[in-house]
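For ligands, and for the atoms within them, numbers begin at 1 and follow the listed sequence. These figures come from a predicted structure and were not determined experimentally.
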Amino acid sequence: MLIGTFKCWCNEFFSRIHWFAGIILLCNSSIVLADVQISDGWVKLAPPGAKANAAYLHFYNQGQQAVVIESISAPCCARLMLHRTRYENDRAIMEHVDELTIPAQGNVGLVPGGLHIMLMNAAQPLVAGENIEMQLHFSSGQQQTIYLPVKADGP
Ligand SMILES: [Cu+2]
């Protein structure tokens, strides 16, 4: 009788463990994006009247699989684009970039003069000191919200 009770308790205990394990697994699947760490993010305050602001940040993918950002959006602005600045005869040319791949355990830096995010047609002029909310849209279908401060000069 005692053994039977113990067994029963034991079974319940283990089924609870399974249940917890299930929750941890569920959590893990949503942590996939937390594999991407963001640092040194900032939005450069454009001169008054400018229709676009550039944003810079650093991605580090600590996961074992490459991560692809397909698009970026922000409530502040009609459209966000990924750009790469390239120099031709001392002239800076901005090219549209379709998607951004962050290799497994790799870094991608968006910096002045290189890759950057372009925030087009802000509904209100951006103000130094405010934080701009952006959504990163990954090829996995997941999203990550980030906040980047607006600054007049550097990060
Ligand atoms: Cu640009």
Acceptor/donor pairs from residues 66-73 side chains to any protein atom, 3.5 angstrom cut, sequence neighbours excluded:
{"from": "S73", "atom 1": "OG", "to": "H137", "atom 2": "NE2", "distance (Å)": "2.7"}

- Query: For the side chain of H83 and the backbone of M81, is there at least one donor-acceptor N/O pair under 3.5 Å apart?
  - Reply: no

- Item | Distance-only polar pair, side chains of Q64 and Q62, donor-acceptor under 3.5 Å | no

- Message: Give me each pair satisfying salt bridge (charged side-chain N to carboxylate O under 4.0 Å, His left out) with a member in residues 76-87, each pair once, sequence neighbours excluded.
- Response: R86-E88, R86-E95

- Query: What protein N/O/S atoms lie closer than 2.8 Å to the Cu ion (ligand 1)?
  - Reply: H83 ND1, M94 SD, H116 NE2, M118 SD

- Message: Closer than 3.5 angstrom, by distance alone: can the side chain of N61 be matched with the main-chain N or O of G63 as a donor-acceptor pair?
- Response: yes

- Task: Identify, with sequence neighbours excluded, every residue that meets ring pair (Phe, Tyr, Trp, His ring centres under 6.0 Å) alongside F59.
- Result: none

